[in-house]
Number of protein chains: 2
Amino acid sequence: MQLKKITKKAEGSARRYYEDACAAAHALDLFGERWALLVMRELMLGPKRFTDLKADLPGISANVLTQRLESLEAAGVLVRRKLPPPASAQVYELTPWGYESEPIFQAMGRWAARSPSHDPTLPFGSVSLMMSMRTMISPALAGALAVDAEFRTGKETFRVRLAGGELTTERGTVEHPDFVLTGEARMIAAAIYGGQPIAALEAAGVLKLEGDRALAERFIRLFPLPPKAVLPG
Amino acid sequence: MQLKKITKKAEGSARRYYEDACAAAHALDLFGERWALLVMRELMLGPKRFTDLKADLPGISANVLTQRLESLEAAGVLVRRKLPPPASAQVYELTPWGYESEPIFQAMGRWAARSPSHDPTLPFGSVSLMMSMRTMISPALAGALAVDAEFRTGKETFRVRLAGGELTTERGTVEHPDFVLTGEARMIAAAIYGGQPIAALEAAGVLKLEGDRALAERFIRLFPLPPKAVLPG
DNA sequence: CTGTATCCGTGTTGATACTG
DNA sequence: CAGTATCAACACGGATACAG
């Protein structure tokens, strides 16, 4: 009787780690596998269910998502929670430390926005939109402007509040918003980052604005993109 | 005469990209493959040759290093340069935009230093040490302290200069250093991050200090580690 | 409906050996 | 020194089947 192939890796894939004390290398041990960081991104605005994660990460397969959720849970980045009845569904939620990874996304976003090969016309999720606004807001341009608005993308609604130069973006609604902007995330991005006037996008039927139009037009100019990097050669 | 196998992927491997306009996702398209970010890290303090990169990244294989250098060059992150004779060797050097990725390492380092699973006893390269000092320096603790020191790890020498709360770390020597610290990077790290007194490490024969001892002891206390994350459960 | 487990084809990764 | 060639292992993504 032959020895059974033990190579089968008893349990939980033996991932490859960098044997490096550098904390940045350790960060890659935690979220360096494909999709892991994007899973974290999708959870930055609050818990989600497996199916929503899968839907919001086009291209990921169920088994890969399962593995990443396991790894990230083992790393202490997220936890799986069972919502109390009647909504007794399972959700995945970042730990407090997991939420503190936001500066990583901001540093990566700021840098990669300058990449010569960055293509902003690709699909754009609503979490990415909200995170990017937090990254790109210019306190200098914002000054003392105060805004309390609602952004509605597809099936999600966000409260976007600017006060004291600080921008907060969270899931939820607003009692008496200054304005409400409705449309796909990529259309809102076209207004904010693409310089498209809101009116033009409305005329095209891809965006809808209700409320204080002047304030909205001013608000969407507060997010200047950094200049593209100039390459040698 | 048979048709030549075109499957060979005409040129430059057909990598998998996230189809995502999110700039952070694009950053992963640029350096999300295994080893890519660590290659960038090794170049953050100046150009290196293929063989040095390979030696400083234990575990990477030559073919993977070649691929990563090609990808990063195509992305505009680094360039290959031929040094002028007589030192006519080939080196790899970050572009100005490549150097601007430092905040990414800092954000990752700050966050991952709090990871419950971070193991600071693993091998520690000298570039990582210099980068981590720039990340972890506490301007509050530094105050108006001025230091001009030399750090010697293995075969490399670095100029470490603190002035006006700013820390610069670069390859090179110092004319009249306040002190010179010699030892493996991990031993210097043991002093700076592990709280080991320099004298103890000298007694163990793993570190050597020349010059202003009081200043050196004070200097190495300027790099407090962030507290470990407390996990639920 | 929500999530997990298993199979499978394919491509990527990495160790070793080898070449200009 | 600076890479290429080869090959084995494994990770990815898709499909499908299964469990609560």
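The basis for the numbers below is simple: all heavy atoms, side chains too, and nothing from hydrogens, waters or symmetry mates. Labels below follow one simple rule: chain letters A, B, ... track the order of the sequence lines, proteins then strands, and each chain is numbered from 1.
Proximity of A:S132 to A:F124: side-chain heavy atoms (C-beta onward) are separated by under 4.5 Å at one or more points. Proximity of A:K48 to A:V127: side-chain heavy atoms (C-beta onward) are separated by under 4.5 Å at one or more points.
Put simply, OH on A:Y18 is 10 Å from P on C:dT13, counting in whole angstrom units.
Contacts of residues 56-66 of chain A with DNA chain D (heavy atom under 4.0 Å): A:G59, A:S61, A:N63, A:V64.
Dashed line: the shortest gap from a side-chain N or O of A:W35 to OP1 or OP2 of D:dA11 is not under 4.0 Å.
In the model, A:R41 has a side-chain atom that pairs as donor or acceptor with a side-chain atom of A:S128 under 3.5 Å.
Sorted by first and then second residue, the ring-ring contact (aromatic ring centres under 6.0 Å, His included) pairs involving residues 33-68 of chain B (not counting sequence neighbours) are A:Y18-B:W35. Among residues at least two apart or in separate chains, there is no salt bridge (charged side-chain N to carboxylate O under 4.0 Å, His left out) pair with a member in residues 117-132 of chain B.
The minimum heavy-atom distance linking A:E156 with A:S126 is given by the pair OE1-OG, 3.5 Å.
An angle of 30°, rounded to 10°, separates the two end axes of the helix from C:dC1-D:dG20 to C:dG20-D:dC1, each defined over five pairs.
The nucleotide whose nearest atom lies closest to any side-chain atom of B:F50 is, among C:dG3, C:dT13, D:dA2, D:dA2.
Remark: A:F223 pairs with A:F219 by the ring pair (Phe, Tyr, Trp, His ring centres under 6.0 Å) rule, at least two apart or across chains. Not counting sequence neighbours, B:D52 has no partner by the side-chain hydrogen bond (donor to acceptor under 3.5 Å, both in side chains) test.
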